[in-house]
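What follows is a single structure, written as structure tokens, with notes after it.
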Amino acid sequence: MIINPFYYGGAITDEHFCNRIQELKELKQDINAGLNLLIYAPRRFGKTSFVLKALDELKDTNTKYIFLDLMYISTQEEFINKYFNAIAQSLEQSSKKVVKFFKSVVKLRPNINVNFDYIGTPSFSLALSDENRHTTLEEVMNSILDFAKKSKIIVVFDEFQEIVNLELEAKLRSIIQMHSNKVSYIFMGSKKSLLNQMFMDKNRPFYKSVKHFQIKEIKKESWCSFIMEKFNQTNKIINEKYIDEIIAITKGFPYYTQQFGYEIWNLTQNSATDEIFHKALKTIISREEALFTMEWDNITPNQKKAIKIIIDKYGKNLYDEQYLAKYHIKTGSIQTALKALIQKDIVDKNKDRYYFQDPLFEYYIRENF
Ligand SMILES: Nc1ncnc2c1ncn2[C@@H]1O[C@H](COP(=O)(O)OP(=O)(O)OP(=O)(O)O)[C@@H](O)[C@H]1O
Ligand SMILES: [Mg+2]
């Protein structure tokens with residue numbers, strides 16, 4: 001049986017990775033230059049895959065990284081332990097040696113617990129008290145300075161916006177500041193509005209402390225050769241017109257484009273047809289439908305009107321009187337609605353054009369409401 005050559009879900013590696021060649025080059029350059037970076041993009045845009053691939057390509061240049069996914073972290077203690085465990089595991093040494101190392105660098109000598117999972121992989125945690133928590137965090141974070149003497153060290157915080165409620169921003173910033181030129185930090189996340197507040201607000205600790213690194217949708221030409229090749233290699237055919245239709249809907253958004261590839265390939269015996277394309281589209285939409293209707297139900301009537309005007313006007317010149325009259329909305333109200341939609345990470349603005357963060361949501365609303 002031939003395995004479906006497309007994949008969607010978690011982070012991907014080489015064979016599923018399409019393009020981003022220029023961006024990878026730039027990211028590696030920035031990492032080599034020791035910059036601290038902020039990378040934000042919508043959910044499922046390929047952030048994690050992208051950064052992991054760049055780090056993997058730097059493996060041979062004596063670069064080591066520590067990767068922390070902060071998605072479900074809700075307390076300071078969890079944060080410190082996640083960090084501690086990530087560093088300890090990256091040492092790739094026997095647990096005895098790891099414990100010995102930390103006993104030598106963490107002055108407070110807290111109890112270090114080691115647990116083994118069923119295949120014998122150790123995980124490490126610290127017994128923390130309220131009083132020693134911040135000092136321990138500092139010592140844990142500083143412990144990587146020891147490795148930074150031998151290799152280049154990168155610390156990646158994935159879903160960094162999740163620390164907002166931990167009251168750790170100032171502490172983290174002050175420690176990280178002391179690491180400049182020794183350790184580089186990459187902050188990643190999907191909630192643009194929260195990250196913007198953290199990095200663009202003068203009163204916040206991380207204000208202007210990073211380079212904003214942009215990743216964009218993958219271009220149609222790259223998808224075209226990627227998708228066609230995957231079909232060809234598995235003895236199937238897809239006409240370019242279907243790739244045009246896919247990209248017209250997904251706008252090159254990686255997660256959805258892979259889904260189209262996956263579903264169309266599954267349904268195709270020899271050559272993709274109109275019928276197959278529409279069946280695939282229906283499957284993908286039905287998978288997301290519950291979420292989209294919930295999102296739609298959760299916004300105010302004025303926000304719905306603003307969304308319809310964005311769709312009608314392709315994101316530009318939204319204060320057109322004809323449309324304001326059509327939807328019975330005033331200039332001030334649409335302004336407020338647009339602000340709220342940006343805050344909710346539904347809509348974003350690029351120069352003078354508003355657009356949807358999720359292209360399939362846009363398609364769904366356009367077709368159904
Ligand atoms: N460069 C790429 N080429 C092809 N497909 C990609 C690429 N990057 C991401 N994808 C697709 O998008 C999916 C999600 O990728 P990834 O987990 O890296 O995104 P993310 O932005 O980190 O998502 P999340 O918001 O869930 O953390 C992958 O499973 C894959 O289908
Ligand atoms: Mg991710």
Side-chain angles (χ1 to χ4, degrees), residues 3-28 37-57 65-73 82 86 154-164 186-195 212-231 233-234 238 243 246-247 249-266 280 283-284 287-288 291 295 344-346 348 356-361:
I3 296 170
N4 193 316
F6 297 94
Y7 175 84
Y8 64 94
I12 46 157
T13 48
D14 284 348
E15 87 227 61
H16 293 117
F17 201 92
C18 172
N19 196 317
R20 297 230 199 272
I21 295 166
Q22 200 47 43
E23 288 156 318
L24 279 166
K25 196 170 142 202
E26 189 185 334
L27 180 61
K28 288 190 284 184
L37 303 168
L38 168 65
I39 303 179
Y40 57 56
R43 293 284 338 254
R44 308 263 126 193
F45 201 75
K47 303 173 290 293
T48 306
S49 307
F50 171 63
V51 170
L52 285 176
K53 184 161 165 68
L55 291 168
D56 191 60
E57 289 179 7
Y65 66 87
I66 291 158
F67 190 95
L68 280 140
D69 182 357
L70 305 178
M71 192 60 172
Y72 298 107
I73 299 287
K82 183 124 197 171
I154 323 290
V155 178
V156 184
F157 292 111
D158 204 354
E159 305 299 349
F160 186 63
Q161 75 272 341
E162 301 301 309
I163 71 145
V164 155
I186 300 179
F187 305 96
M188 278 202 275
S190 45
K191 295 191 185 135
K192 185 172 176 185
S193 44
L194 279 178
L195 287 166
H212 287 222
F213 192 101
Q214 301 266 350
I215 52 172
K216 300 211 171 73
E217 288 86 358
I218 297 167
K219 291 245 155 52
K220 190 171 94 187
E221 299 74 49
S222 309
W223 279 121
C224 205
S225 42
F226 180 86
I227 296 172
M228 283 195 157
E229 233 164 69
K230 295 227 172 283
F231 270 75
Q233 282 161 0
T234 49
I238 184 164
I243 299 172
I246 296 171
I247 304 298
I249 296 173
T250 68
K251 311 221 161 88
F253 197 102
Y255 174 71
Y256 292 130
T257 311
Q258 287 262 16
Q259 271 197 60
F260 271 97
Y262 186 93
E263 297 301 339
I264 294 175
W265 188 93
N266 256 356
T283 307
I284 296 165
R287 209 174 278 143
E288 308 290 336
L291 219 82
E295 189 144 82
K344 288 179 177 173
D345 286 312
I346 295 173
D348 202 2
F356 292 86
Q357 289 215 6
D358 186 329
L360 206 68
F361 178 69

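Numbering of ligands and ligand atoms starts at 1, following listing order. Only this structure's heavy atoms are used, side chains among them; waters, hydrogens and symmetry mates stay out. Index from 1, following the sequence.
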Worksheet item: Where the side chain of Asn4 meets the backbone of Tyr262, is there a donor-acceptor pair that is under 3.5 Å apart?
Response: yes

Worksheet, complete the sentence: On a heavy-atom basis, the closest approach of Phe67 and Met188 is CE1-CE, 4.1 Å

Worksheet entry | CD1 on Ile247 to CD1 on Ile227, rounded to 0.5 Å | 5.5 Å

Worksheet item: Quick one: which ligand 1 atoms are inside 4.0 Å of a heavy atom on Tyr8?
Response: 29 (O), 31 (O)

Practice prompt. Using distance alone, determine whether Tyr7 and ligand 1 share an N or O pair under 3.5 Å.
Written response: yes

Worksheet item: Can you tell me how far CG of Leu70 sits from CZ of Phe160, rounded to the nearest 0.5 angstrom?
Response: 7.5 Å

Fill in: Heavy-atom proximity to atom 1 (N) of ligand 1, best of Ser222, Gly189, Cys18
Cys18

Worksheet item: Are any of the N/O atoms in Phe226 less than 3.5 Å from those in ligand 1?
Response: no

Discussion item. Please list, in number order, the atoms of ligand 1 under 4.0 Å from a heavy atom of Ser49.
Written reply: 15 (O), 16 (P), 18 (O)

Worksheet item: Would you say Trp223 has any N or O atom under 3.5 Å from an N or O of ligand 1, going by distance alone?
Response: no

Item to complete: Check whether any side-chain heavy atom of Lys53 lies under 4.5 Å from a side-chain heavy atom of Phe17, and answer yes or no.
Response: yes

Worksheet item: For atom 10 (N) of ligand 1, what's the nearest protein heavy atom and its distance?
Response: Pro254 CB, 3.4 Å

Worksheet item: What protein atoms of element N, O or S are positioned under 2.8 Å from the Mg ion (ligand 2)?
Response: Thr48 OG1

Worksheet item: To which protein heavy atom is atom 21 (O) of ligand 1 closest, and what is the distance rounded to 0.1 Å?
Response: Lys47 NZ, 2.8 Å

Worksheet item: Does the Thr250 side chain pair with the main chain of Ile246, one donor and one acceptor, at a distance under 3.5 Å?
Response: yes

Worksheet entry | Short side-chain to backbone donor-acceptor contact, Trp223 and Gly252, under 3.5 Å | yes

Practice prompt. If you have a sec, work out which protein heavy atom is nearest atom 19 (O) of ligand 1 and how many Å separate them, to one decimal?
Written response: Gly46 N, 2.9 Å

Fill in: Polar contact flag for Ser190 and ligand 1 (N/O pairs, less than 3.5 Å)
no

Worksheet item: Can you tell if the side chain of Ile39 reaches within under 4.5 Å of the side chain of Leu27, non-hydrogen atoms only?
Response: yes

Item to complete: Could you establish whether Met188 and ligand 1 come within less than 4.0 Å of each other, counting only heavy atoms on the residue side?
Response: no

Worksheet entry | Min N/O separation Gly10 to ligand 1 under 3.5 Å | yes

Practice prompt. Would you check whether Gly9 has a nitrogen or oxygen atom less than 3.5 angstrom from a nitrogen or oxygen atom of ligand 1?
Written response: yes

Worksheet, complete the sentence: Taken in chain and number order and not counting sequence neighbours, the residues that satisfy salt bridge (charged side-chain N to carboxylate O under 4.0 Å, His left out) with Glu23 are Arg20

Practice prompt. Give a yes or no answer on whether the side chain of Ser190 reaches the backbone of Ala41 with a donor-acceptor pair at less than 3.5 Å.
Written response: no

Worksheet item: Which residue holds the protein heavy atom closest to atom 23 (O) of ligand 1, what is that atom called, and what is the gap in Å?
Response: Arg44 N, 3.2 Å

Worksheet item: In terms of atom number and element, which parts of ligand 1 are under 4.0 angstrom from non-hydrogen atoms of His16?
Response: 3 (N), 4 (C), 5 (N)

Worksheet item: Any heavy atom of Ile218 sitting closer than 4.0 Å to ligand 1?
Response: yes

Discussion item. Rounded to the nearest 0.5 Å, what separates atom CD in Gln161 from atom OH in Tyr40?
Written reply: 12.0 Å

Worksheet item: Distance-only, no hydrogens or angles: does the Glu159 side chain make a donor-acceptor pair with backbone N or O of Gly189 under 3.5 Å?
Response: no

Practice prompt. For a ring-ring contact (aromatic ring centres under 6.0 Å, His included) with Tyr8, tell me which candidate from Tyr255, Phe260, Trp265 qualifies.
Written response: Tyr255

Worksheet item: About how many Å separate CD1 of Ile264 and CD1 of Ile238, when rounded to the nearest 0.5 Å?
Response: 4.5 Å

Worksheet item: Which residue holds the protein heavy atom closest to atom 5 (N) of ligand 1, what is that atom called, and what is the gap in Å?
Response: Gln258 NE2, 2.9 Å

Item to complete: Among all protein heavy atoms, pick the one closest to atom 27 (O) of ligand 1 and tell me residue, atom and distance.
Response: Glu159 OE2, 3.4 Å

Worksheet item: Does any N/O atom on Phe17 come nearer than 3.5 Å to any N/O atom on ligand 1?
Response: no

Discussion item. So is Tyr256 touching ligand 1 or not, going by heavy atoms under 4.0 Å?
Written reply: no

Fill in: Any donor-acceptor N or O pair under 3.5 Å, side chains Gln259, Arg287
yes

Discussion item. I'd like to know if Asp158 pairs up with Lys47 as an ion pair, taking the criterion as any Lys NZ or Arg NE/NH1/NH2 lying under 4.0 Å from an Asp or Glu carboxylate oxygen.
Written reply: no

Worksheet item: Are any of the side-chain nitrogens in Glu162 or Lys191 under 4.0 Å away from the carboxylate oxygens of its partner?
Response: yes

Worksheet item: In the protein, what heavy atom is nearest to atom 7 (C) of ligand 1, and what distance, to one decimal place, separates them?
Response: Ile12 CD1, 3.4 Å

Fill in: Minimum-distance protein heavy atom relative to atom 22 (O) of ligand 1
Thr48 OG1, 2.7 Å

Discussion item. Within ligand 1, which atoms have a heavy atom of Arg43 less than 4.0 Å away?
Written reply: 24 (P), 25 (O), 26 (O)

